[in-house]
Amino acid sequence: MDWQTSEDTVPSAPVTEADARLLLGRPPATGAWRDGDPVGERRFAQFGAFATEGGANLPGIRLAYETWGELSPARDNAVLILHALTGDSHVRGEAGPGHATEGWWSDIVGPGAPIDTDRWFVVAPNILGGCQGSTGPASIAPDGYEWASRFPFLTIRDQVAAQVRLADALGVDSWAGVIGGSMGGMHALEWAVTHPERVERLGVLCSPPTTTADQVALNSVQLAAIQMDPRFAGGHYYDAPDGDGPHRGLSLARRMALLNYRTPTELNQRFQRSWQSDKSPFGDGGRYAVESYLDFHGNRFTRRFDANSYLALVEAMNSHDVGRDRGGVEDALARVTARTLVLGIDSDRLFPVEGQHRISRGIRSTIDDDTVVLHSDFGHDGFLIETEPVGRHLRRLLEG
């Protein structure tokens with residue numbers, strides 16, 4: 001298990017003693033990227049006052065982003081890639097100063113890759129409310145303190161509005177492609193509905209047209225896990241020393257989420273009923289291997305993410321309803337004019353393929369008669385792990 005590889009992008013595997021030693025130190029109060037940290041490959045775009053859908057106002061916002069390839073003189077080869085809930089702008093590249101993990105889609109984006117950076121100018125922003133360089137709860141407010149719990153409620157539409165500002169700043173009037181998976185697929189879909197004239201090709205991967213009651217319920221227990229941690233302190237924990245932040249609650253939320261991202265088939269095959277060590281779990285203090293796997297990745301996650309940001313982004317994801325104030329989902333989807341790929345994973349229990357089928361039926365410009373459904377034992381994370389078939393279908397989208 002590679003410490004610098006995101007757990008979202010690889011199959012599950014037992015935790016080794018070497019892995020466990022990497023987490024012996026106390027976790028920081030926040031895993032957010034902060035001003036003064038190594039910049040890595042990030043670039044930054046600063047914007048003025050930003051009003052949210054809910055009527056709150058931020059005096060200014062910043063989006064961190066990364067790019068690959070070159071923008072053509074006609075500015076007609078730009079592709080926007082939008083990340084999932086706990087992703088960031090580091091789609092491609094090594095781990096190192098400023099980047100806790102290596103790129104989460106390196107097999108998809110690059111020279112000669114399905115999203116070929118010899119042809120396309122690829123842009124990947126960290127979403128508004130995130131914690132890897134864009135304005136979010138861990139950012140410093142005008143009074144010199146972190147926004148923390150004062151950070152305003154954001155919707156998917158707010159986050160797309162911020163991305164529109166980035167497109168304008170880059171001089172991209174129309175994206176050759178907007179592609180996103182999971183929460184990023186919500187953003188991609190919102191782009192194509194709100195700004196159809198600015199999206200030529202659309203890729204929606206493992207994402208629904210609305211966040212359902214079942215999905216909100218699953219999210220609610222994750223939020224509660226963070227908020228019930230005494231060290232969360234109402235969201236004001238940034239001055240806490242290492243080990244005294246809300247890492248237990250954030251780790252538990254991540255463990256809950258991982259169960260939604262993967263499948264019983266994968267977990268049963270990878271771990272069966274194996275023990276983590278020679279010590280028996282039958283009352284002798286031992287643990288099952290799958291328990292250690294979840295613990296390890298939950299603890300690891302606290303070192304690259306922020307608890308307040310997790311709350312803000314999950315609540316934004318709960319807001320997702322492409323048909324809100326548009327006459328319903330079908331009327332909204334009928335606005336899309338982009339050449340569209342809709343892709344799902346047959347074992348996805350977070351965003352089941354029924355949602356992708358509804359998107360496919362509603363958009364009149366899909367490249368297939370129905371959703372492309374991939375078979376995978378990896379569940380929701382399949383769009384990150386099954387890079388060969390995912391890449392093949394993205395090539396079809398972009399070559400047309």
Side-chain angles (χ1 to χ4, degrees), residues 25-66 83 85-90 97-100 125-155 158-166 168-169 223 226-251 253 301-316 319:
R26 295 184 175 186
T30 176
W33 184 91
R34 314 294 293 277
D35 286 318
D37 289 345
V39 170
E41 300 302 317
R42 292 176 183 82
R43 303 182 185 189
F44 299 97
Q46 301 278 354
F47 305 104
F50 184 87
T52 71
E53 270 200 280
N57 289 283
L58 289 166
I61 62 169
R62 177 179 70 186
L63 289 187
Y65 67 101
E66 295 179 49
H83 65 75
L85 173 67
T86 60
D88 55 31
S89 64
H90 201 49
H99 301 293
N126 181 221
I127 57 177
L128 185 66
C131 62
Q132 291 300 316
S134 293
T135 298
S139 302
I140 301 300
D143 62 3
Y145 296 92
E146 291 84 0
W147 282 102
S149 62
R150 300 175 297 164
F151 194 74
F153 177 86
L154 296 176
T155 66
D158 288 327
Q159 292 166 330
V160 169
Q163 294 162 11
V164 168
R165 291 197 183 184
L166 177 61
D168 293 343
L223 301 186
I226 294 171
Q227 293 164 332
M228 292 173 66
D229 186 332
R231 292 175 175 171
F232 179 63
H236 299 278
Y237 51 79
Y238 291 104
D239 292 333
D242 289 355
D244 288 342
H247 60 275
R248 288 188 175 89
L250 182 58
S251 174
F301 180 67
T302 66
R303 297 158 197 268
R304 70 171 182 87
F305 220 79
D306 177 65
N308 277 320
S309 190
Y310 196 91
L311 297 180
L313 298 188
V314 169
E315 288 176 342
S319 80

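Atom set for the values below is all heavy atoms of this structure, side chains included, hydrogens, waters and symmetry mates excluded.
In terms of modelled atom types and a separation under 3.5 Å, the side chain of D158 and the main chain of T52 share no donor-acceptor contact. A donor-acceptor pair under 3.5 Å is formed between the side chain of S134 and the backbone N or O of A64. Judged by distance alone, with hydrogens and angles left aside, the side-chain atoms of S251 form no donor-acceptor pair with the main-chain N or O of R248 at under 3.5 Å.
Note: D306 CG to L250 CG = 8.0 Å, rounded to the nearest 0.5 Å. A distance of 6.0 Å separates CG in L223 from CD in E315, rounded to the nearest 0.5 Å. Taken from OH in Y65 to CG in L166, the straight-line distance is 6.5 Å, to the nearest 0.5 Å. In this structure, CD on E146 lies 8.5 Å from OG1 on T30, to the nearest 0.5 angstrom. Separating the CG atom in L311 from the OG atom in S149 is a distance of 10.0 Å, to the nearest 0.5 Å. The CZ atom of F153 lies 8.5 Å from the CD atom of E53; values are rounded to the nearest 0.5 Å.
Inter-residue side-chain proximity for Y238 and P137 is flagged as met; some heavy-atom pair is nearer than 4.5 Å. The shortest side-chain heavy-atom distance between I127 and Q163 falls under the 4.5 Å cut-off. Contact check for D37 versus R42: no side-chain heavy atoms found under the 4.5 Å cut-off. Residues T135 and F50 form no side-chain contact, since every pair of their non-hydrogen atoms from C-beta on lies 4.5 Å or further apart.
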Given side-chain hydrogen bond (donor to acceptor under 3.5 Å, both in side chains), test E41 with H90 step by step and report yes or no. CA-CA 8 Å; E41 300 302 317; H90 201 49; over 6 Å; no
Criterion side-chain contact (heavy atoms from CB on, under 4.5 Å) on L128 and R165, from CA distance to verdict: CA-CA 11 Å; L128 185 66; R165 291 197 183 184; over 6 Å; no
Given R231 and Y237, is the side-chain contact (heavy atoms from CB on, under 4.5 Å) satisfied, shown in steps? CA-CA 7 Å; R231 292 175 175 171; Y237 51 79; over 6 Å; no
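For the pair R304 and A100, the tightest heavy-atom approach, listed with the atom from each and the gap, is CB-CB, 4.1 Å. Taking each heavy atom of I226 and F232 in turn, the nearest pair found is O-CB, 3.4 Å. The two residues N308 and A148 make their nearest non-hydrogen contact at ND2-CA, 3.7 Å. In plain terms, the two heavy atoms of F151 and G129 that are nearest each other are CE2-CA, 4.0 Å. Considering all non-hydrogen atoms of both residues, Q159 and L154 come closest at NE2-CD1, 4.4 Å. Here the closest heavy-atom approach between residue Q132 and residue G31 is recorded as NE2-O, 3.5 Å.
In this structure, F301 and F305 have parallel ring planes: the angle between them is below the 30° cut-off, well short of the 60° mark.
In this structure, a donor-acceptor pair under 3.5 Å is present between the side chains of N126 and H83.
Checked for salt-bridge contact, D35 and R62 meet the test: a charged N lies under 4.0 Å from a carboxylate O.
Counting heavy atoms of neighbouring residues, nucleotides and ligands inside a 6.0 Å radius, atom CZ of F44 exceeds 12 of them.
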